[in-house]
Amino acid sequence: MKILVANLGSTSLKWRLFDFAGDGERLLHKGGFERVSDHSQAIEDCLAQLQQSGHIATAGDLAAVGFKTVLARGVTGCVRLDEPVVQAMEAYNTIAPAHNPPYVKGIRLFARRLPGVPLVGLFETAFYQWLPDAATRYGVPQSWYEAGVRRWGFHGASHKYIAERSAELLGRPDVAARVRHLYLDGGATPVGEPPLRVISCHLGGSSSLTALRNGLAIGNSLGLSPQSGLPHNNRVGDLDAMAVPLVMRTLGLSLDEVEHQLCREAGLKGVSGVSNDLRDILAAAAQGNARARAALDFFVHEIRRWLGAYLVALGGLEALVFTAGIGENRAEIRAAVCAGLEAFGIALDPAQNTATRAQEALISPPDAPVKVLVIPTNEELVVAREVKRFLENSPN
Ligand code: AMP
């Protein structure tokens, strides 16, 4: 069964083609285009590459195209992306302006180009369907809550991968099996004792922390929209709601300008004034740029704030995991996050931490109470697996 996973950005198309046979899963092909101005041409070129590579003869060889969809009004889980679901995504274009519009446009183009191939989305919110109610709340009037003003949580595909893979690495196949079957049985797969408590730190262009108890998320630092939680590359992160009327009144900004700045000019880019890429910010800080240093300190401070919250929520910790572009590659950020936490059992092996880049590794001393791990994430694989399960379990 061949499943194409398409990752759509406003000026990019990236893809991975997976093949599932029996229990085996194989990555057949990956590729992508940047600086795309015409997505329908990019889709043609993607299909042409898949044919030239010999992995498909015609588009009909694709069992489905899967998408890591972000957010839709009233829809979550792993679902067929028919027009009502696409419209439900479109309804939230304004709260996910960097994410939803390219997906809405791209999914419609795929639907037109591949009319016989099912298009299936795994929503980034799906992993949080079983959050405790208290972890979904903001202090808003009930009418706002009923209108959808609540914490959803995102990065579900990445944190699900980490939940499963960390359980395997920690010798807990029971927890890994629960995570694997989560969307089929709603977390009903039984797990044994003792509890497995993990905090997953996805630090990249977008960043979030998730607390995992026996593989199930009990919280995610992202809330209503992808602009919440930790500061992101150019998106704001958590902000006191009254900041919006304040800058509208005192700086004379329009609502459109505020939205634009919160979603494109804020986060690490806004604080540093340097770049939305942490590599540039680290380089500037090393040369004495004070705003770059402030952005780094702020980023680490915010990560540790959520880390503290989730340590308490979990009541202890077996493992702390770093993943995504920054988490996998930047030893100095991992060291800053873990500094001075020996009282909580968290310590690094400095040589192991420094040597670890983009590979699975234990970076804490072997006898430390908390295992600190680097695990490269694989969001596309999670999407492909769920799309496969969806196809196997959907009636038609
Ligand atoms: P992601 O969203 O997971 O692709 O992560 C993107 C961010 O991770 C970039 O903004 C970089 O700051 C950082 N990053 C990605 N790759 C590397 C690398 N090889 N070395 C250092 N930082 C990296």
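Whatever order the structure lists them in is the order used to number ligands and atoms, beginning at 1.
- Counted by atom type alone, Thr210 and Tyr128 present one or more donor-acceptor pairs between their side chains at under 3.5 Å.
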Could you walk me through whether Gln227 and Ser225 satisfy the side chain to side chain donor-acceptor pair (under 3.5 Å) test, starting with their C-alpha distance in whole Å, then the side-chain angles of each, then the deciding distance to 0.1 Å, before giving a yes or no? CA-CA 5 Å; Gln227 283 68 237; Ser225 85; 3.0 Å; yes

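- Under the 4.0 Å distance rule, the nearest protein heavy atom to atom 1 (P) of ligand 1 falls inside the cut-off.
- Against a heavy-atom cut-off of under 4.0 Å, Arg357 is close to the following atoms of ligand 1: 18 (C), 19 (N), 20 (N), 21 (C).
- The single protein non-hydrogen atom nearest to atom 23 (C) of ligand 1 is Gly325 O, 3.7 Å, given as residue, atom name and distance.
- Backbone and side-chain nitrogen or oxygen atoms of Ser206 are examined, and none is located within less than 3.5 angstrom of a nitrogen or oxygen of ligand 1.
- A donor-acceptor contact closer than 3.5 angstrom is absent between the side chains of Ser40 and Arg113.
- When only modelled atom types and interatomic distance are considered, Glu83 and Gln87 share a side-chain donor-acceptor pair under 3.5 Å.
- Neither the backbone nor the side chain of Glu328 has any atom closer than 4.0 Å to an atom of ligand 1 (non-hydrogen atoms only).
- Close approach of ligand 1 to Gly205 (heavy-atom distance below 4.0 Å) involves ligand atoms 1 (P), 2 (O), 5 (O), 6 (C), 7 (C).
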Compile the donor-acceptor pairs under 3.5 Å between side chains in residues 237-244 and protein atoms, sequence neighbours left out, one pair per line.
residue: Asp238; atom: OD1; partner: Gly229; partner atom: N; Å: 2.7
residue: Asp240; atom: OD1; partner: Met242; partner atom: N; Å: 2.9

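- Val191 pairs by the side chain to side chain contact (heavy atoms under 4.5 Å, CB included) definition with Asp174, Val175, Arg178, Asn214, not counting sequence neighbours.
- A cation-pi arrangement, defined by a distance under 6.0 Å to the six-membered ring centre and an angle within 45 degrees of its axis, is present between Arg137 and Tyr145.
- At least one heavy atom of Ile326 sits less than 4.0 Å from an atom of ligand 1.
- With a heavy-atom cut-off of 4.0 Å, Asn329 touches ligand 1 through its side chain alone.
- Below 4.0 Å from some heavy atom of Ala324 lie the following atoms of ligand 1, by number and element: 3 (O).
- The distance criterion of under 3.5 Å between nitrogen or oxygen atoms is met by Asp277 with respect to ligand 1.
- Side-chain contact check for His155 and Ser200: no donor-acceptor pair (N or O, by modelled atom type) lies under 3.5 Å.
- The N/O atoms of Leu278, backbone and side chain alike, include one that comes under 3.5 Å of an N/O atom in ligand 1.
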